[in-house]
Structures are given as structure tokens and as C-alpha cells.
Peer 1: 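Please see the structure below; I have some questions.
Atoms within each ligand, like the ligands themselves, are counted from 1 in listed order. Quick note: numbers below take in every heavy atom, side chains included, and nothing from hydrogens, waters or symmetry partners. FYI, the numbering just counts along the sequence from 1.
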Amino acid sequence: MSAINDAKKAAAHKAVNEYVKNGFKVGVGSGSTIVFAIDRLAERVHKEKLNIVCVPTSFQSRQLLIKNQLTVGELEIYPQLDVCIDGADEVDSNLNLIKGGGACLLEEKIVASCAKIFVIIADYTKNSEKLGDKYKKGIPIEVVPMAYKPVKQVIENRFGGDLELRMAIAKAGPVVTDNGNFILDWRNFKQDVDWDIINKDILQIPGVVESGLFIGMAQKVYFGLEDGTVKEQ
Ligand code: ABF
């Protein structure tokens, strides 16, 4: 396995070992790091005979949970979760996050908001001082399709930078989220800003469904390092 996958695995295993207990309702995020967390969850559930319900944040994580014979739940039945474990595209020194590189930010934010504790698992490349230092694909903003142009113009005029409609592979058309929306990726933004204020402003713009800025939500981050150890923050 590559160093980066070793790092993802180390962070994922640590989070599942530390934060999942028998009887827990667990929010399960999306992405490549979460694959290792689901593997470890399955191992613990089957070996230790744990009674765990998992609420997925995407079609991807639902499929992985089913494949691993883990019990899948819904927020309609379990609106309060003990913990949510998810990946991130970037984590700053205040534990603010950029998420949504996989276009599942809306479900990810909803599920995380239902959990008592939100734990992030990430490899060392995601650890940054300021948002935008490391992750260059931009802050994702999920928008209602008819509003993508006005939202792009409002954010560019008000805050600067460039927003680009995320296109599917081969540019056959826009990426459509699991909720039927489009994604705008915001690049070249100013970094020395109060992200809490900016996020709240963005969420007020008509047509914006959710942003990939997760401000003040994560309580714990596990960064897997190149040597397979884990740094906690
Ligand atoms: C999801 O998966 C997204 O919010 C984020 O884009 C991604 C995390 O990246 P990785 O694939 O590196 O785990 O959680």
C-alpha cells in the first residue's frame, strides 16, 4: 500500500477504535479515507458483536455499509447520532474544513450536524494553516440549477475570486448532486477572512443550498502521517 493509503488507514482505524462504542448510532461519511473506516467498523462489529447503526452520507457510503453487512439507518429513525466520522479536503489550524470534493457536502453537513461529536479522518496532505493553502480545487457550493449564474456573480462581486460550474468527466454536462443540484467551485478567494461570517453570508444568497465550508463543526481531527502514525488535533 502507498504511504498516503497507509496514512488514511491509520487515521481511520484510530477514529473507529476511539470513538465507536457498543449501541452507538454512527454517521458515516464519504470519500476514500472513509473506506478504511468502514473496513475497521465491519471488523469490530463482526468480531466484537457490537450493535451499531450506521447512517450514511452518500450513495457511496450506503453501498459500502451494505457490502460490509453493517446495519444501515436513516435520520428519520435516528435523528440523533452519537458520533459522525468523515473525511475532509482540507483542515485549517482552527479545525475549520473544506469538504465536498466528492459532491456530497449537503448530506455530509446534515449528518454531521446530528452527531454529538464530529470526528475527521484525513491524511497528512490535508493539514493546513489556512483554508486554500493546500486544497486547490476550490470551496464547493451546492446550488439550485437555475441559480448557478446569479450565485456565481453575487459571490464574485461580493467576496472576489472565481466560481466555476463543476463539470462531469469529459465535460459532457454539469455534475448533478444526489439532490439534483449543481456545484460551483470557488477558487482564488481571499484567505485572511472570517470564514464564519462569509459562510453565513453565502448561505443567505437565494439559490444556495449548502456550502462546503464546515466552520466550528469538527471537534477532533486525526491526521494519518507518512510513517503510519497518527497526529491528533
Ligand atoms: C468526503 O470525501 C468529502 O467531503 C471530501 O471531499 C472527501 C474526503 O476526501 P478523501 O477521499 O481524501 O477521504 O468526505
Side-chain angles (χ1 to χ4, degrees), residues 1-16 19 26-41 54-65 81 83-92 95-115 117-128 131-142 164 166 168-169 175-179 181-187 195 199 209-226 230-231 233:
M1 209 162 49
S2 64
I4 202 142
N5 279 334
D6 283 342
K8 288 175 197 268
K9 182 177 174 181
H13 282 216
K14 179 92 173 162
V16 171
Y19 278 95
V26 182
V28 178
S30 318
S32 58
T33 315
I34 207 71
V35 175
F36 295 103
I38 294 175
D39 283 349
R40 180 63 189 140
L41 255 180
C54 299
V55 175
T57 59
S58 63
F59 186 79
Q60 176 221 7
S61 50
R62 173 180 294 275
Q63 294 297 299
L64 282 170
L65 293 170
L81 306 173
V83 64
C84 176
I85 301 175
D86 200 351
D89 297 308
E90 189 170 17
V91 183
D92 78 6
L95 304 195
N96 293 324
L97 319 170
I98 297 177
K99 285 178 54 55
C104 310
L105 58 145
L106 176 56
E107 292 94 330
E108 288 171 356
K109 202 178 270 189
I110 293 169
V111 172
S113 76
C114 295
I117 303 172
F118 183 33
V119 179
I120 294 298
I121 51 177
D123 63 72
Y124 51 91
T125 64
K126 315 291 183 71
N127 186 2
S128 88
L131 295 184
D133 276 353
K134 296 270 178 77
Y135 188 63
K136 300 299 179 192
K137 291 185 179 167
I139 298 169
I141 297 171
E142 183 160 346
E164 191 181 356
R166 192 182 296 181
I169 294 167
V175 165
V176 178
T177 69
D178 287 354
N179 316 292
N181 297 315
F182 291 172
I183 299 279
L184 289 168
D185 288 304
W186 183 20
R187 301 190 190 99
W195 283 115
N199 189 40
V209 178
E210 194 46 90
S211 86
L213 289 163
F214 285 50
I215 310 302
M217 292 185 72
Q219 281 97 357
K220 185 83 185 174
V221 178
Y222 289 115
F223 290 111
L225 305 182
E226 277 171 288
V230 177
K231 182 182 164 205
Q233 202 161 306

Peer 1: Please state which protein non-hydrogen atom is closest to atom 7 (C) of ligand 1 and give its distance, to 0.1 Å?
Peer 2: D89 OD1, 3.7 Å
Peer 1: Using a strict 4.0 Å cut-off to heavy atoms of K99, name the atoms of ligand 1 that fall inside it.
Peer 2: 1 (C), 3 (C), 4 (O), 14 (O)
Peer 1: Among all the protein's non-hydrogen atoms, which is closest to atom 4 (O) of ligand 1, and how far away is it?
Peer 2: E108 OE1, 2.7 Å
Peer 1: Quiz question: by atom type and distance under 3.5 Å, do the side chains of K8 and S32 form a donor-acceptor pair?
Peer 2: yes
Peer 1: Under 4.0 Å from a heavy atom of A88: which atoms of ligand 1 are those, numbered in the order shown and with their elements?
Peer 2: 8 (C), 9 (O)
Peer 1: Quick one: does ligand 1 sit under 4.0 Å from the side chain of T33, the backbone, both or neither, non-hydrogen atoms only?
Peer 2: both
Peer 1: Taking all non-hydrogen atoms of both residues into account, name the closest pair between V230 and A11 and its distance.
Peer 2: CG2-N, 3.9 Å
Peer 1: For ligand 1, which atoms sit closer than 4.0 Å to a heavy atom of G102?
Peer 2: 6 (O)
Peer 1: Which of the numbered atoms in ligand 1 are below 4.0 angstrom from a heavy atom of G101?
Peer 2: 6 (O)
Peer 1: How far is atom 2 (O) of ligand 1 from the closest protein heavy atom, and which atom is that?
Peer 2: S30 O, 2.9 Å
Peer 1: Take every heavy atom of L105, measure it against each atom of ligand 1, and state whether any distance is under 4.0 Å.
Peer 2: no
Peer 1: What donor-acceptor contacts under 3.5 angstrom involve side-chain atoms of residues 97-109, with partners at least two apart or in another chain?
Peer 2:
| residue | atom | partner | partner atom | Å |
| --- | --- | --- | --- | --- |
| K99 | NZ | D86 | OD1 | 3.4 |
| K99 | NZ | D86 | OD2 | 2.8 |
| K99 | NZ | G87 | O | 2.8 |
| K99 | NZ | E108 | OE1 | 3.0 |
| E108 | OE2 | S30 | OG | 3.2 |
| K109 | NZ | E210 | OE2 | 2.9 |
| K109 | NZ | S211 | O | 3.1 |
| K109 | NZ | L213 | O | 2.8 |

Peer 1: What distance do I183 atom CD1 and E164 atom CD have between them, rounded to the nearest 0.5 Å?
Peer 2: 13.0 Å
Peer 1: Once you round to the nearest 0.5 Å, how far does OH of Y222 lie from CD of Q233?
Peer 2: 12.5 Å
Peer 1: Evaluate I34 for polar contact with ligand 1, using N/O atom pairs at a separation under 3.5 Å.
Peer 2: no
Peer 1: Could you tell me the residue and atom name of the protein heavy atom closest to atom 10 (P) of ligand 1, and the distance to it rounded to 0.1 Å?
Peer 2: S32 OG, 3.3 Å
Peer 1: Counting from 1, what ligand 1 atoms have a heavy atom of K8 closer than 4.0 Å?
Peer 2: 12 (O)
Peer 1: Tell me the closest heavy-atom pair linking S58 and D178, and the distance in Å.
Peer 2: CA-OD2, 4.2 Å
Peer 1: Between C104 and ligand 1, find which residue part has any heavy-atom pair under 4.0 Å and reply side chain, backbone, both or neither.
Peer 2: neither
Peer 1: What protein heavy atom sits nearest atom 12 (O) of ligand 1, and how far away is it?
Peer 2: K126 NZ, 2.6 Å
Peer 1: Taking C-beta and beyond as the side chain, do V83 and V119 meet within less than 4.5 Å on heavy atoms?
Peer 2: yes
Peer 1: Where do V209 and N181 come nearest, in terms of heavy atoms and distance?
Peer 2: CG2-ND2, 3.8 Å
Peer 1: Can you list the atoms of ligand 1 that are under 4.0 Å from a heavy atom of G31?
Peer 2: 2 (O), 11 (O)
Peer 1: For C84 versus V111, what's the shortest heavy-atom pair and its separation?
Peer 2: SG-CG1, 4.0 Å
Peer 1: R166 and side-chain contact (heavy atoms from CB on, under 4.5 Å): which partner among V175, V176, I141, T177?
Peer 2: V175
